Amino acid sequence: MKTTLSIIKADIGSVGGHIKPSKSLIERVKEYIETQGGGIVIDFYISSTGDDIAILFSHTQGVGSEKIHKLAWDAFLAGTEVAKEQGLYGAGQDLLKDSFSGNVRGMGPAVAEIEFEERPNEPFLMFAADKTDPGAYNLPLFLAFADPMYCAGLILSPSMAKGFTFTIMDVAYTEGDRIIELNAPEELYDIAALLRDNQRFVIESIRSRSTGEIAVAVSTTRLHNIAGKYTGKDDPVMLARVQGAFPATGEVLAPYNIGHYVAGFMRGSHTGPLMPVRLNSAISFFDGPPVVSCAAFCVHNGKLTEPVDAFDHPYWDWVRDNVARKATDMRQQGFSGAAMLPYSELEYGGIVEKLKVLDKRFNVR
Ligand code: F6R
Ligand code: MG
Ligand code: MG
């Protein structure tokens with residue numbers, strides 16, 4: 001039996017600004033899946049990260065299943081009804097199309113899915129980030145799957161000695177999925193050359209070269225490409241199988257101690273450090289900082305264990321303090337230089353209008 005894990009995530013409204021969905025909204029989504037998911041879903045888990053709600057499904061329908069995607073879409077519609085009733089901010093924000101057409105990809109929600117033959121014990125991690133974009137996972141994944149400075153298993157474990165294949169997507173291309181496959185370690189510099197540009201090239205998936213097995217899947221949506229205008233950042237989700245032929249849980253988590261600077265933060269238009277936070281955390285300082293949460297599970301015959309909150313540990317409190325300092329340092333320079341994203345990535349059109357008006361007032365002396 002092959003098991004599929006699908007994580008589908010959307011911002012469908014939140015309390016007090018873009019900071020956290022309401023309890024009633026989350027309850028409604030849960031109730032919808034409990035009552036409508038029979039026969040389709042083996043198990044599911046719901047969590048929130050910032051203003052986003054994520055549904056993790058385990059099932060046997062395979063990747064891209066219309067039944068699973070429709071169930072998630074309809075659950076989000078049911079949640080949106082509650083958001084409207086409660087007057088939540090941004091109700092239905094990420095549901096960008098009026099009617100469902102087979103797959104939620106390209107309709108607003110973020111999706112990451114993997115299908116695999118379960119190992120006798122199958123640990124995996126579910127990541128969800130808010131106030132940032134899919135490129136936020138580029139550096140941590142590169143370090144966890146290709147750099148022995150972070151992943152000791154690359155040196156110590158025979159089952160990882162051949163390295164990993166990275167599938168990288170050009171997310172600026174909108175006609176279809178433009179992808180490249182590169183092998184670590186031989187093509188490490190080529191991988192790095194692409195991954196440095198987090199807004200253009202995004203890791204879509206990673207496979208083990210020893211077993212051919214899928215290790216990682218990342219959501220690669222660009223909401224801007226779908227809607228043609230800003231509707232919110234592309235707050236990405238990710239699934240990562242761990243241990244054995246894959247990096248250990250701690251090796252995948254380790255790079256999040258950097259708090260590397262990513263795109264997002266206030267109005268999706270700034271640079272801020274990625275803070276690893278506890279499950280179901282809200283958003284606060286300057287609509288940020290960009291956050292990432294991680295739930296660790298085992299799955300057996302499609303049944304999920306309870307989640308363990310991977311960033312709920314005293315070590316990560318120390319990291320959070322450091323990241324808060326990095327966020328403050330960057331915020332001290334306001335709109336200047338590196339603090340605000342380049343023109344092409346600004347998520348609000350206001351500045352375009354402003355520059356058009358100012359352009360007319362320039363004189364050549
Ligand atoms: C970023 C985000 C927020 C909003 C900001 C303004 O992803 O959601 O930073 O951009 O709160 O929101 P609006 O334009 O809805 O008033
Ligand atoms: Mg929002
Ligand atoms: Mg969000």
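These numbers were taken from a predicted model, which means no experiment stands behind them. Whatever order the structure lists ligands and atoms in, that order sets their numbers, starting from 1. For the numbers below, each heavy atom of this structure counts, side chains included, while hydrogens, waters and symmetry mates do not. We're numbering straight along the sequence, starting at 1.
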Go through ligand 1 atom by atom and flag the ones less than 4.0 Å from a non-hydrogen atom of F265. 1 (C)
D287 neighbourhood, listing ligand 1 atoms whose heavy-atom distance to it stays under 4.0 Å: 3 (C), 4 (C), 5 (C), 9 (O), 11 (O)
Could a heavy atom of G268 be found less than 4.0 Å from some atom of ligand 1? yes
Should E213 and R241 count as an ion pair when the cut-off is N to O under 4.0 Å? yes
Taking the Mg ion (ligand 2) as the vertex, how big is the angle to OE1 in Q93 and ND1 in H18, rounded to 10°? 80°
So for ligand 1, is D51 a polar contact partner (N or O within less than 3.5 Å, distance only)? no
Considering just N/O/S atoms, say which atom of D11 is closest to the Mg ion (ligand 2). OD2
Given side chain to side chain donor-acceptor pair (under 3.5 Å), test Y89 with D51 step by step and report yes or no. CA-CA 10 Å; Y89 196 66; D51 60 6; over 6 Å; no
Taking NZ, NE, NH1 and NH2 as the nitrogens, is one of them in E186 or R209 under 4.0 Å from a carboxylate oxygen of the other? yes
Considering just N/O/S atoms, say which atom of D51 is closest to the Mg ion (ligand 3). OD1
So, D94 and the Mg ion (ligand 2): N/O/S under 2.8 Å, yes or no? no
Quick one: pull up CD in E66 and CH2 in W73 and give me the separation to the nearest 0.5 Å. 13.0 Å
salt_bridge(R320, D317) N-O dist < 4.0 Å: yes
What part of R267, side chain from CB on, backbone N/CA/C/O, both or neither, has a heavy atom under 4.0 Å from ligand 1? both
Is a side-chain donor or acceptor of E122 paired with a backbone partner of R119 at a separation under 3.5 angstrom? yes
Report the name of the N/O/S atom of D235 located nearest to the Mg ion (ligand 3). OD2
OD1 (D130) - the Mg ion (ligand 3) - OD1 (D52) angle, nearest 10°: 110°
In ligand 1, the atoms that come under 4.0 Å of a heavy atom of M266 are 9 (O)
Ring centroids only, cut at 6.0 angstrom: are F127 and Y256 within range, meaning strictly under it? yes
Before accepting this row, confirm whether a basic side-chain N of the pair D52/K9 lies closer than 4.0 Å to the acidic partner's carboxylate O. yes
Could you list the atoms of ligand 1 found under 4.0 angstrom from a heavy atom of K131? 1 (C), 2 (C), 7 (O), 8 (O)
Test item: H69 and M107 side chains (from C-beta on) under 4.5 Å apart, heavy atoms: no
